[in-house]
Amino acid sequence: MNKELPKIYEPQKVEDEIYARWEQSRCFQPEAGQPLADNLDKRETYCNVLPPPNANGELHIGHASGYTVMDIFGRYARMNGKKTLLLPGKDHAGIQTQVVFEKKLLAEQGLSRQEIGRENFYKKTYEFCIDRANYMRSQEKKIGISADWSREKFTLDPDVLKIAMETFVKMHEDGLIYKGKRIINWCPRCSTALSDVEVLHKETPGKLYFIKYPLENSTEFITVATTRPETMLGDTAVAVNPKDKRYLKLIGKNIVLPLQNTIIPIIADKRIDLSFGTGAVKITPAHDPLDWQIGKDHNLEEIQIIDEKAAITELGGKYAGLTAHVAREEVLKDLEKLNLLEKVEELAHSISICERCKTIIEPLTSSQWFINVDAKNFSLKKKAIEAIKKNEIEIFPNNFQKILIDWFENMRDWCISRQIWWGPQFPVWYRTNSQLTTDNSQQEPEMYVGLTPPEGEGWVQDENTFDTWFTSGQWAYTTLKSKEGDFGMFYPSDTMVMGRDLLFFWSSRMIMMSLYTTGKIPFKNLFYTGLVLDKEGHKFSKSRGNGIDPLTVIDKFGADALRMSLVMDSAPGQNSRLYEEKIETFRNFANKLWNISRFCLSQENFKLVKTISKEDIKTPADAWIINCLDKTTIEIDKLFANKQISVAADILKSFTWNDFADWYLEINKIEKNQKVLGYVLDKLLRLWHPFMPFITEHIWTLAKQEKMLIISAWPKSNPELCSNIEAREFEAIQNIITTIRNVRTENKIELGKKITITINSKNEKLLKTFQSEFQEDILKRLKTGIETIGYNKSEEELKDEIKRTLGEINLYIHLADAIDTEKETARIKKEIANLEGFIAGLAGRLADKNFTSKAPTQIINQQKETLAKKQAELSELQKHLDSLS
RNA sequence: GGGUGAUUAGCUCAGUUGGCUAGAGCACUUCUCUUACAAAGAAGGGGUCACUGGUUCGAGUCCAGUAUCACCCACCA
């Protein structure tokens, strides 16, 4: 039977078919009627709203990493009989998608978005996203994620969007949203405002220009230092620190601003650093965030001299129309002509760039929409901090809690309006009432905020679109609210898994928005994954060309191998590295599991066994493996509770390979116990399923199981089965076998050469175990080359043999040739020295009153036991040494 | 300027209430195609757990400091 199974597991041939079967069975869908795990219906639920990837590209290895973690938790929950929902989705990803699609449009059709118009651009981008979403969904399935595709959501789906817009309206009513003219980060390429988190800072070598500003009615100067000389066209003051003695007498005096020839004051402000530059700072309120603040506090005029295309405005006089970059050169040239450029120094400083297109940010004053994150009636950030501090959301790894709280504490108002086209438009309309207008420029238009356009003529919708994080920040509930019943059943969800790079962008916004809208936390557990890096520890990037395509990997090694290589040997929040050799080792492991199963399935009358009784445990090896299995099961559950899935997989791997395959399978070739074999394999497949769903389901099917593994019950520890089990007998056998193999290798005895051994022990019960026919068979056949076994012979008789002490056993190995006394003596002496050192330490500790009075008795007893054991060993070694000399 | 993480075998990394002489994979050495598996098996070698102090009966694990690296934040004109 099953002789036809290939020697090598071929994932490519089975994975798609298995996934299709899962989908058809509707086991991803938590409806009534969904097949449940072995009829366990605890009415408990488990939900993970999956982070929606940006629907503008393809899946990368980072997605695969997150999905694997989510799927492992999801499958674990499902097998534990919970009603499980993994809810997938896609994000329209405002700016990023617009940048991607604009590039595509230009490359393929040579068109800009302006050329095709806003409406058409939106429609085309929408189609593009849907297309990408379809492709990405197929990739997600390849990874094996057990998500309910019937519930898949897109951030622009009308139902999702409606809920998000309702939030806007409500926040506006509650006074949490305001429109105001403030200084914001402006990306000239994207033509939009950006929030603080969408701006990156890059350390760049630059220059610090020292410019002399002439004092009014004087021949004196005050020298200011700046990295952006062109902004002087918009200067409205020079500021110094009030404690700066150098400039005390100048405070309150005026300056004639060069090039512009306007009169501006010298003011004092404590935010000015005395030690930087000259200690005197030119103030350009319209183009620098700090200057803007200072300008506000000192009632300075804001003169916008750079426009939204990064060009100089008409207020810039003769420089109008030049780009800021060119203007800088011109300004410097002119200053030099006037002899006002004192000096230029090299300076490393950080410049702001757009996160998406890397263009240098222009700080501008602009009219934008903001969320007040610290409003009096509902402080979003304080509520978030409170929830986190009260551990309502458990964060893995735990130290990220502090990072998140710190971030919230320093959070400033959130700019949510963007001037891009790709994204939902603000549900805000304006109308200018011409009848009342007496002075056009001063008239504030009438404003309407609501879900649908207002009645009447002349309303024009606000052109702003939403920051993409405004909609994805509501993902935790918009997704669940769009299907009747889901919200009540699954909100707040259990788990949220995301890359640590999304900590500020996304987790923070979800927590705030959810607390505001639902009054509850969005999820109970927040799990951050680290970044996946390449072999050298670099980030994957297109420019570096070091990307690993998940599909290529899956095609080559199988989805299970990829999954394993993404979760093993990694800790929550910690970066990890991925490379082919690593994936290969897990491909090898999958193959090991395959061959283990192949062996089992090829046994006569083999079948998977769900339960066994004590009577089925017949031999020391049976008892031992059942005991190992039980311990492993308990440990894995504990680790799952702590979200330590990497460690869980690790101990399971060690059980599978080192215990079950290397020992139990070998024993089973000699003394067969198909029931125990079937029982262990049954549990093994279940335990591995969350990690390696495809191969386990495949084997499960080959073993002719009616019900699919994905909905089979998670193994439980069986203390009843393990009570009074004596695993030590088998451990003694293992010990003897290993020791003999070791001695053979050490003494270079060929495998073909048979040897005679003697086992001496005072423990009659133990001896009796060995003396059974089967156990002798095991000892002989497990690569030991034993021919005959003797028991309890006299020391005298054995004095020329190699002796090893293994706990209660003295093992003697008779070699045909005389033993190398010198070598053996040296070996024993070394071991004695080692042992004596250890015993001395242990004995010392046990003699120490401090230790015996303070340490728990359990530890003391343990150490006493060890001491006795080691002392016995030592005396055996010494006896042996004496007999050799 | 502030923060976080890392530092454990040649390499990549685990090690969560502190407790026997610190683990894995890869690489390395020697041997084996033994019928589940050479993508394998057997036996090995290899570590003052970055450094310095402290707490403790006991520290890779907790605390303080130092060094190096990485990342993040920041209104460094």
Side-chain angles (χ1 to χ4, degrees), chain A residues 5 7-9 183 196-197 201 208 224-228 231 239 271-273 276-278 280-284 288-294 347-350 363 397-400 402-403 406-407 410 412 500-501 503-504 530-531 535 537 568-571 573-577 579 581-582 584-603 639 642 644 646-647 650 653-654 661-662 665-666 669 738 741-746 748 750-751 781-783 834-835 837-838 841-842 845 848-856 858-860 862-863 865-867 870:
Chain A
L5 292 180
K7 276 187 169 187
I8 304 282
Y9 171 59
I183 192 149
D196 293 338
V197 281
H201 301 274
L208 187 63
V224 298
T226 180
T227 53
R228 300 195 59 195
T231 61
R271 282 165 286 195
I272 304 301
D273 181 355
F276 191 91
T278 61
V281 184
K282 57 189 273 319
I283 301 297
T284 323
D288 180 275
L290 178 62
D291 291 5
W292 187 79
Q293 276 298 340
I294 292 176
L347 174 78
H349 70 301
S350 74
N398 193 249
N399 54 303
F400 279 43
K402 195 174 161 302
I403 301 174
D406 284 352
W407 188 83
N410 295 313
R412 299 189 299 172
R500 57 183 294 175
D501 50 329
L503 190 111
F504 304 133
L531 265 44
K535 196 177 183 182
M568 287 283 283
D569 294 334
S570 66
Q574 220 58 43
N575 294 349
S576 65
R577 301 185 187 192
Y579 41 91
E581 296 93 303
K582 190 168 171 181
E584 229 175 80
T585 66
F586 294 108
R587 185 267 320 258
N588 294 355
F589 176 69
N591 199 48
K592 187 74 187 182
L593 187 61
W594 172 250
N595 275 295
I596 288 169
S597 309
R598 203 160 71 95
F599 170 80
C600 294
L601 292 172
S602 66
Q603 301 301 302
L639 291 164
N642 293 331
Q644 287 183 279
S646 166
V647 186
D650 194 50
K653 178 162 164 254
S654 140
D662 290 348
L665 253 47
E666 294 304 321
K669 290 173 186 173
T738 308
R741 287 168 178 172
N742 178 341
V743 167
R744 290 191 74 112
T745 308
E746 259 180 23
K748 298 198 168 36
E750 296 156 34
L751 260 185
R781 286 174 56 188
L782 257 59
K783 292 174 195 163
N834 182 17
L835 209 49
F838 178 63
L842 202 54
R845 202 179 312 156
D848 188 348
K849 249 193 219 158
N850 271 326
F851 174 68
T852 47
S853 64
K854 287 177 183 167
Q858 184 202 349
I859 298 291
I860 296 169
Q862 222 174 59
Q863 304 213 345
E865 222 172 282
T866 309
L867 182 63
K870 293 295 167 184

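Here is the naming used below: chain letters follow the sequence lines, and residue numbers restart at 1 for every chain.
Residue-level contact check: A:I183 touches neither bases nor backbone, having no heavy atom under 4.0 Å from any strand. No contact: A:K535 has no heavy atom under 4.0 Å from any strand. Among the atoms of the strands shown, base atoms are found under 4.0 Å from some heavy atom of A:K870. A:I596 comes within 4.0 angstrom of a base, heavy atoms only. Using a 4.0 Å heavy-atom cutoff across all strands shown, A:I272 reaches at least one base atom of the nucleic acid. Contacts of A:D569 with the nucleic acid, taken as non-hydrogen atoms under 4.0 Å apart, involve only primed sugar atoms and P, OP1 or OP2. Backbone-only engagement by A:A571 is indicated by non-hydrogen atom pairs under 4.0 Å involving sugar-phosphate atoms exclusively. At a threshold of 4.0 angstrom between heavy atoms, the contacts of A:F400 with the nucleic acid are absent. Nucleic acid contact class of A:Y9 (heavy atoms, under 4.0 Å, all strands): none. Using a 4.0 Å heavy-atom cutoff across all strands shown, A:P856 reaches at least one base atom of the nucleic acid.
Taking only side-chain atoms of A:Q574, from C-beta outward, the nucleotide of B:rA40, B:rA14, B:rC37 with the closest atom is B:rA14. With B:rU21, B:rC73, B:rU12 as the choices, the nucleotide that has an atom nearest any side-chain atom of A:L835 turns out to be B:rU21. Here B:rA39 is the nucleotide among B:rU4, B:rC13, B:rA39 with the atom lying nearest to any side-chain atom of A:R587. Nearest to the side chain of A:D662, among B:rG41, B:rA77, B:rA43, sits B:rG41. For A:N834, whose side chain is taken as the heavy atoms from C-beta onward, the closest listed nucleotide among B:rU21, B:rC26, B:rG19 is B:rU21. Closest to the side chain of A:N850, from the set B:rC57, B:rA77, B:rC75, is B:rC57. Distance from the side chain of A:N591 is smallest for B:rA39 among the nucleotides B:rU21, B:rA39, B:rA36. Among the nucleotides B:rC57, B:rG19, B:rC75, the one closest to any side-chain atom of A:R412 is B:rC75. Listed candidates were B:rA74, B:rA14, B:rA36. Nearest to the side chain of A:S350 is B:rA74. When the nucleotides B:rA38, B:rC57, B:rA77 are ranked by their closest atom to the side chain of A:F851, B:rC57 comes out on top.
One C1' atom belongs to B:rC13, the other to B:rA27, and the distance between them is 14 Å to the nearest Å. On the C1' atoms, B:rU32 is 46 Å away from B:rC51, given to the nearest whole Å. Nucleotides B:rG46 and B:rU29 are separated by 11 Å at their C1' atoms, to the nearest Å. As rounded to the nearest Å, B:rC28 and B:rG1 have C1' atoms that lie 47 Å from one another. Taking atom C1' in both B:rA24 and B:rA64, one finds a spacing of 33 Å when rounded to whole Å.
Taking 3.5 Å as the limit, the base of B:rC37 and the side chain of A:K592 contain a donor-acceptor pair of atoms between them.
The side chain of A:R845 contributes no N or O atom lying less than 4.0 Å from OP1 or OP2 of B:rC57. Dashed line: the shortest gap from a side-chain N or O of A:K402 to OP1 or OP2 of B:rU4 is under 4.0 Å. The phosphate of B:rC76 has neither OP1 nor OP2 within less than 4.0 Å of any side-chain N or O from A:H201. Between A:N742 and the phosphate of B:rG44, there is a side-chain N or O to OP1/OP2 separation shorter than 4.0 Å.
One distance of note links CZ of A:R598 with CD1 of A:I8; it measures 8.5 Å at 0.5 Å rounding. The CD1 atom of A:I859 sits 14.0 Å away from the OG1 atom of A:T852 when rounded to the nearest 0.5 Å.
Remark: P of B:rU35 and CG of A:L665 are 15 Å apart, rounded to the nearest angstrom. Whole-Å rounding puts the A:D650 CG to B:rU12 C1' distance at 14 Å. Taking atom CG of A:D288 as the reference point, atom C1' of B:rA74 lies 13 Å away to the nearest angstrom. With rounding to whole Å, A:N410 atom CG is found 13 Å from B:rG1 atom C1'. Put simply, CG on A:L782 is 16 Å from P on B:rU34, counting in whole angstrom units. Distance A:E666 CD to B:rA42 P: 8 Å, rounded to the nearest Å. For the pair A:N399 CG and B:rC62 C1', the computed distance is 15 Å after rounding to whole Å. Taking atom NZ of residue A:K783 and atom P of nucleotide B:rU30, one finds them 20 Å apart after rounding to whole Å.
Side-chain contact between A:L208 and A:F276 is present, with heavy atoms from C-beta onward closer than 4.5 Å. A:D848 places none of its side-chain heavy atoms less than 4.5 Å from the side chain of A:R845. By the 4.5 Å heavy-atom criterion applied to side chains, A:D288 and A:T231 are not counted as neighbours.
Nearest-nucleotide positions on RNA chain B for A:T226 and A:K7 put A:K7 closer to the 5' end. Between A:D273 and A:K582, the residue anchored closer to the 5' end of RNA chain B is A:K582, taking for each the nucleotide with the nearest heavy atom.
Residue A:E865 qualifies as open at atom CD: its count of foreign heavy atoms under 6.0 Å is 12 or below.
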*Show your reasoning for whether side-chain contact (heavy atoms from CB on, under 4.5 Å) applies to A:M568 and A:K582.*
CA-CA 10 Å; A:M568 287 283 283; A:K582 190 168 171 181; over 6 Å; no
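Using bins of under 30°, 30° to 60° and over 60° for the plane-to-plane angle, the ring pair A:F504/A:W407 lands in the parallel bin.
Shortest non-hydrogen contact noted between A:I860 and A:A855 is CD1-O, 3.4 Å. Of all the heavy atoms in A:K669 and A:R781, the pair that sits closest is O-NH2, 4.2 Å.
Annotation: ring pair (Phe, Tyr, Trp, His ring centres under 6.0 Å) contacts of A:F599 (sequence neighbours excluded): none.
When base pairs are accepted only as Watson-Crick or G-U wobble with both N-N or N-O distances under 3.5 Å, RNA chain B takes part in stems of 3 or more pairs at B:1-7 with B:67-73, B:10-13 with B:23-26, B:28-32 with B:40-44, B:50-54 with B:62-66.
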